[in-house]
Student: 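I'd like to ask some things about the structure below.
Both backbone and side-chain heavy atoms feed into the values below; hydrogens, waters and symmetry mates do not. Fair warning: this is a prediction, and the values are worked out from it, not measured in the lab. The chain is numbered in sequence order, starting from 1.
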Amino acid sequence: MTDTPNFSNAKQVKCPQCGRLTLYSPQNPSRPFCSDRCKLIDLGEWASEGYKVPVEQQTYNEKDLEQLYEALNKGESGE
Ligand SMILES: [Zn+2]
């Protein structure tokens, strides 16, 4: 690629997702990605990375819930 007719004054960066040369300017709302698609793919990968972090799920048994309801009811009537 040697012809850069209109982008001579605009900065070009490689799309972090696909590696294509893309315009880094306000004209490109997806910058530094070449397209919305690449942006979404990257964000999706980033998000799925986050979801890999194990989240300890708290499980409540019925007794816990009863106590919770009691506490809530007390709080309401206590006012
Ligand atoms: Zn891309």
Student: Look up atom NZ in Lys74 and atom CG in Leu72, then write down how far apart they are to the nearest 0.5 Å.
Tutor: 11.0 Å
Student: Judged by atom type as modelled, is there a donor-acceptor pair below 3.5 Å linking the side chain of Asp42 to the main-chain atoms of Cys38?
Tutor: no
Student: Please test Arg31 against Val13 for side chain to side chain contact (heavy atoms under 4.5 Å, CB included), starting from the C-alpha separation and ending with a verdict.
Tutor: CA-CA 9 Å; Arg31 67 189 184 279; Val13 292; 5.9 Å; no
Student: Report yes if the side chains of Arg37 and Gln17 come closer than 4.5 Å at any heavy-atom pair, otherwise no.
Tutor: no
Student: Regarding Lys11 and the six-membered ring of Tyr24, is the cationic atom NZ or CZ under 6.0 Å from the ring centre and inside 45° of its axis?
Tutor: yes
Student: For the NZ atom of Lys39 and the CD1 atom of Ile41, what is their distance to the nearest 0.5 Å?
Tutor: 13.0 Å
Student: Where is the tightest heavy-atom contact between Arg20 and Cys34, given as atom of each residue plus distance?
Tutor: NH2-SG, 4.0 Å
Student: Just how far is it from atom OG of Ser30 to atom CG of Leu40, taken to the nearest 0.5 Å?
Tutor: 8.0 Å
Student: Just verifying a value: how many Å separate Gln67 CD and Asn61 CG, rounded to the nearest 0.5 Å?
Tutor: 8.5 Å
Student: For the atom pair NZ (Lys14) and CZ (Phe33), what is the distance rounded to the nearest 0.5 Å?
Tutor: 15.0 Å
Student: When you measure from the side chain of Asn28 to the backbone of Thr22, do you find a donor-acceptor pair of N or O atoms at a distance under 3.5 Å?
Tutor: no
